Amino acid sequence: MSGPPPYLIVAPLAFAASLVLTPILARVARLTGYLDHPDPRKSHSEPTPLLGGVAIAGALLLAPILARTLFSVSFALPRPGFFIGAALSLALGLLDDRHPMPPLGKLAGQLAAALCLVLWGPQVDWIRANPVALVGAIVGVTALLNAINFLDAMDGIVGAVIPITAAGFVAIGLLYGALVDLILAWGLVGAGAGFLVYNAPPARIFLGDAGSHLLGFALAALALQALQGPPTLAHLSAVAFLVAYPLFDVIFVVLDRLAGGRPVYVGGVDHTTHRLGRRRGKWGALGIVVIAIMLNVCIGAWIWGCSTPQPVIAAVLISGLGYAIFGVYLRRIGPTP
């Protein structure tokens with residue numbers, strides 16, 4: 001095929017599709033009752049549509065179809081495990097958005113999606129050949145689904161996180177030849193940015209659990225794709241940096257709730273974004289998180305290409321210390337207003 005690479009076409013098409021589909025799905029949500037109603041744990045005062053995740057899913061599907069139809073480009077399809085797991089993630093979230101599920105039922109659905117991705121998704125031979133790595137990968141995918149779900153606690157946060165993180169996977173793919181699906185990665189950049197137009201504070205539509213589960217699953221797919229080669233320290237660390245902030249948020253919340261004697265599985269206003277918002281306001285909290293994620297992405301893209309372990313170890317230690325200090329600061333703000 002001559003002309004520009006197909007991923008350069010997919011990004012703007014996904015952005016345009018997301019811009020068009022998001023207000024349509026907002027109306028569908030109001031007609032079907034998929035609304036997030038105000039309560040003391042939430043900052044919005046009016047019922048808000050919840051089908052933003054479906055709009056992003058539609059944009060991710062529509063962009064390659066439009067590229068094929070309008071520009072005669074073709075793409076290699078992801079393996080079946082990706083499609084099955086993504087559909088499970090989306091369906092699980094849609095069910096939970098309408099009829100909140102018990103924690104164990106929700107976890108079972110997340111594990112099923114993770115199994116589909118790890119067993120029938122990207123061919124990561126060193127993970128499938130090692131039982132410890134296999135279990136670790138399943139736990140890691142499930143953790144990332146929950147991490148994005150947990151992080152989606154403030155207007156614009158996930159809408160900003162996803163394009164930046166996906167751009168990090170694009171960077172390691174283009175700079176170093178990492179085996180990431182650039183069509184999926186650029187699709188997430190475009191679709192996430194289009195959704196952010198409507199989700200920035202004050203949000204006119206939310207992702208819902210359907211959207212946060214789907215996006216967490218998509219990031220997990222990119223992470224597994226990137227690790228299809230030999231499992232070097234630089235590559236493992238780089239992928240960890242790319243998804244570091246969402247994982248930090250979920251780890252912080254779990255440890256803080258355990259330390260405070262609060263149930264881990266009960267929602268609250270104790271996430272990192274909630275606490276930052278009480279000190280800095282919504283836009284200030286969003287800015288801090290975006291800067292942190294951009295820094296993580298830059299470090300991750302840099303250390304992917306490191307040929308010696310010393311700079312990788314130094315980056316991990318310094319980042320770990322930084323997150324520890326940040327966690328202490330967040331605990332001082334307190335879990336409640």
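Remember, predicted model here, so these are calculated numbers, not experimental data. Position 1 is the first residue of the sequence; numbering continues from there.
Heavy-atom neighbours of Leu104 CG from other residues, nucleotides or ligands within 6.0 Å: at or below the threshold of 12. Atom CE of Met294 is surrounded by 12 or fewer heavy atoms from other residues, nucleotides or ligands within 6.0 Å.
Grouped with Leu61 in a hydrophobic cluster is no other residue, since no side-chain heavy-atom contact under 4.5 Å to another Ile, Leu, Val, Met, Phe, Trp or Tyr is found.
Within the 4.5 Å cutoff, the side chain of Gln123 has heavy atoms near those of the Arg79 side chain. Residues Leu35 and Leu50 fail the side-chain proximity criterion, which asks for heavy atoms closer than 4.5 Å.
The two residues Leu145 and Ser89 have their closest heavy-atom pair at CD2-OG, 3.9 Å. Nearest approach of Phe241 to Gly300, heavy atoms of both residues: CB-CA, 3.8 Å. The shortest non-hydrogen separation linking Leu117 to Phe82 is CD1-CA, 4.3 Å. Contact record, Ala160 with Val290: CB-CG2, 3.8 Å, taken as the closest heavy-atom pair.
Here Leu88 contributes atom CG and Ile84 contributes atom CD1; the two are 7.5 Å apart, rounded to the nearest 0.5 Å. The distance from the CD1 atom of Ile313 to the CD1 atom of Ile303 is 11.0 Å, given to the nearest 0.5 Å. Distance check: Leu242 CG to Ile164 CD1 gives 12.0 Å after rounding to the nearest 0.5 Å. Taking CG of Asp36 as the reference point, atom CG of Asp97 lies at 8.0 Å (rounded to 0.5 Å).
Judged by distance alone, with hydrogens and angles left aside, the side-chain atoms of Arg30 form no donor-acceptor pair with the main-chain N or O of Pro49 at under 3.5 Å. The main-chain N or O of Leu330 is found under 3.5 Å from a side-chain atom of Arg275 such that the two form a donor-acceptor pair. At distances below 3.5 Å, at least one donor-acceptor pair connects side-chain atoms of His274 with backbone N or O atoms of His271.
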Output a table of donor-acceptor pairs, distance under 3.5 Å, between side-chain atoms of residues 135-142 and any protein atom two or more places apart or on a different chain; print 'none' if there are none.
| residue | atom | partner | partner atom | Å |
| --- | --- | --- | --- | --- |
| Thr142 | OG1 | Ile138 | O | 2.9 |

Using a 3.5 Å cut-off and no angle test, enumerate the donor-acceptor pairs between side-chain atoms of residues 199-215 and protein atoms at least two apart in sequence or in another chain.
| residue | atom | partner | partner atom | Å |
| --- | --- | --- | --- | --- |
| Asn199 | OD1 | Gly156 | N | 3.0 |
| Asn199 | ND2 | Ile205 | O | 2.8 |
| Arg204 | NH2 | Val197 | O | 3.0 |
| Asp209 | OD1 | Asn149 | ND2 | 2.8 |
| Asp209 | OD2 | Lys106 | NZ | 2.9 |
| Ser212 | OG | Asn149 | ND2 | 2.9 |
| Ser212 | OG | Gly208 | O | 3.4 |
| Ser212 | OG | Asp209 | O | 3.2 |
| His213 | ND1 | Asp209 | O | 2.8 |
| His213 | NE2 | Gln110 | NE2 | 2.9 |

Would you tabulate the side-chain donor-acceptor contacts of residues 172-182 under 3.5 Å, counting partners in other chains and residues two or more places apart, or write 'none'?
| residue | atom | partner | partner atom | Å |
| --- | --- | --- | --- | --- |
| Tyr176 | OH | Ala301 | O | 3.0 |
| Asp181 | OD1 | Ile183 | N | 3.0 |
| Asp181 | OD1 | Leu184 | N | 3.2 |

Name every donor-acceptor pair, under 3.5 Å, that has one atom in a side chain of residues 8-29 and the other anywhere in the protein, sequence neighbours excluded.
| residue | atom | partner | partner atom | Å |
| --- | --- | --- | --- | --- |
| Ser18 | OG | Ala191 | O | 2.9 |
| Ser18 | OG | Phe195 | N | 3.1 |
| Thr22 | OG1 | Ser18 | O | 2.6 |

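Between Trp304 and His235, the ring-plane angle classifies as parallel under the 30° and 60° cut-offs. Ring pair Tyr329/Phe326 is parallel by interplanar angle, where below 30° counts as parallel and above 60° as perpendicular.
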### Query
Where do Val161 and Leu151 land on the side-chain contact (heavy atoms from CB on, under 4.5 Å) test, with the steps shown first?
CA-CA 9 Å; Val161 167; Leu151 190 64; 3.8 Å; yes
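Residues Thr272 and Asp249 have side chains that bring a donor and an acceptor to within less than 3.5 angstrom of each other.
Applying the side chain to side chain contact (heavy atoms under 4.5 Å, CB included) test to Leu119 and every residue at least two apart in sequence or in another chain returns Leu115, Leu134.
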